[in-house]
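What follows is a single structure, written as structure tokens, with notes after it.
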Protein chains: 2
Amino acid sequence: MSSEETEETLTCLRITLHHPEQKEKQVFRDLSFCENQRMRVDDVVKFGRDVNVCHFTLTDKRVSRIQFALQFFKPFNRSEFGFEIKNLSKKTDLIVNNIELSYLNKVDLPERCIICFGEYQILMEKQGGQSKDYFEICFELASTSLLLENLSFHQPVPESGISYTESPTETDEND
Amino acid sequence: MSSEETEETLTCLRITLHHPEQKEKQVFRDLSFCENQRMRVDDVVKFGRDVNVCHFTLTDKRVSRIQFALQFFKPFNRSEFGFEIKNLSKKTDLIVNNIELSYLNKVDLPERCIICFGEYQILMEKQGGQSKDYFEICFELASTSLLLENLSFHQPVPESGISYTESPTETDEND
């Protein structure tokens, strides 16, 4: 790595994860939390059940072999980099804010968005950086529902399998 | 592979390649021509100089380690699948019809398009298919310039390094 690269800030995607049964099932046991994990910009970062294919694995038989993939890119005429998400699950739609992605659909991620599939809730927040060689991913864990804290990001979607019956919380301890 | 998959037709990307010095330099020597090569839909297909990273290598020191990448996807509300191209070369723009892609820019490929970088000319043509598991790539070699045959696809772009001085041809032997 050149010294030039080490001085540049890296675009970081902060990924806050919530699953209502994380305590019992430990579906996030294979992820490292609160640690910036460096990726190459030409990596396609796959999330899913299959440890042989995915960078980040979810330990849950209900998750697809590859659930979704993220890639880094540069939007036209913009100085900031961005991320694209693609649904790679045949059985489960991926909901990005209020857009439903079927199998192989893709969309550019907003700066901050809530992503849902099955019982999983994921808040993705981008922090800008300059590096053209690497970006970072940093995971955090949310013990309470992200939907209730971020209602403005999410319209209820019928049959998404998401529970809206939890009691409201006003904590911001998951930020 | 299930019997269902073998009966489905596969989306095929026909890639016709031209380099003015192919005869002398054999820049395409590592590619297999006129043969359908099957890819998984979650593969990101990289083209470039680096044999350790790229599915398809161009034997040319002027080509970047990774020049560009293709990925398969399904556009919203469309029955046909499509391809996205991303420029992964820091030093050379990638021109898709008349759109210039800088490093890390991406664009969805039209059904038929001319792609240029340096002295390379590439015609990409999609043939629709149903398979959700695989697609195919098939290479063909063009001995004459693709730009002169496909002028409607391409507006001259200053300083792209492309020569417009070759004598016109009316052959269609490369289709």
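Source: prediction; values computed, not measured. Within every chain, numbering begins at 1; the chains are lettered A, B, ... in the order of the sequence lines, protein sequences first and strands thereafter.
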Electrostatic pair B/R40:B/D133 at N-O distance under 4.0 angstrom:
no

Looking at A/L101, A/L123, A/L109, which hits side-chain contact (heavy atoms from CB on, under 4.5 Å) with A/I115?
A/L109

Minimum heavy-atom distance B/V96-B/P110, with the two atoms named:
CG1-CD, 4.3 Å

One should read off an interatomic distance between B/L10 CG and B/Q127 CD, to the nearest 0.5 angstrom, of 11.5 Å

Interchain contact, B/V44 with chain A, by part (heavy-atom threshold 4.5 Å):
side chain

Hey, what do you get for CG (A/N98) to SG (A/C116), rounding to the nearest 0.5 Å?
11.0 Å

What is the minimum heavy-atom distance between A/A142 and A/T16, and which atoms define it?
CB-CG2, 3.8 Å

Between A/F73, A/F72, A/Y103, which has the largest tally of heavy atom pairs under 4.5 Å with chain B?
A/F73

Give me the contact list for residues 26-35 of chain A versus chain B, heavy atoms only, anything under 4.5 Å, ordered by residue number.
none

Using atom types as modelled and distance alone, determine if a side-chain donor or acceptor of A/Q22 lies under 3.5 Å from a backbone N or O of A/H19.
no

Under a 4.0 Å threshold between the charged nitrogen and the carboxylate oxygen, would B/R62 count as salt-bridged to B/D60?
no

Is it the side chain or the backbone of B/K132 that comes within 4.5 Å of chain A heavy atoms, both, or neither?
both

Pull out the residues in residues 80-88 of chain A that come under 4.5 Å of chain B, heavy atom to heavy atom, sorted by number.
A/F81, A/E84, A/K86, A/L88

So, for A/D93 and A/F117, which heavy atoms are closest and what is the spacing to 0.1 Å?
O-CB, 3.5 Å

Should the ring pair A/F56 and A/F139 be called parallel, tilted or perpendicular, given that the plane angle runs from 0 to 90° and is split at 30 and 60?
perpendicular

Contacting region of B/D108 [heavy-atom separation from chain A under 4.5 Å]:
side chain

Locate the shortest heavy-atom distance separating B/N105 from B/E100; write the atom from each residue and the value.
OD1-O, 4.2 Å

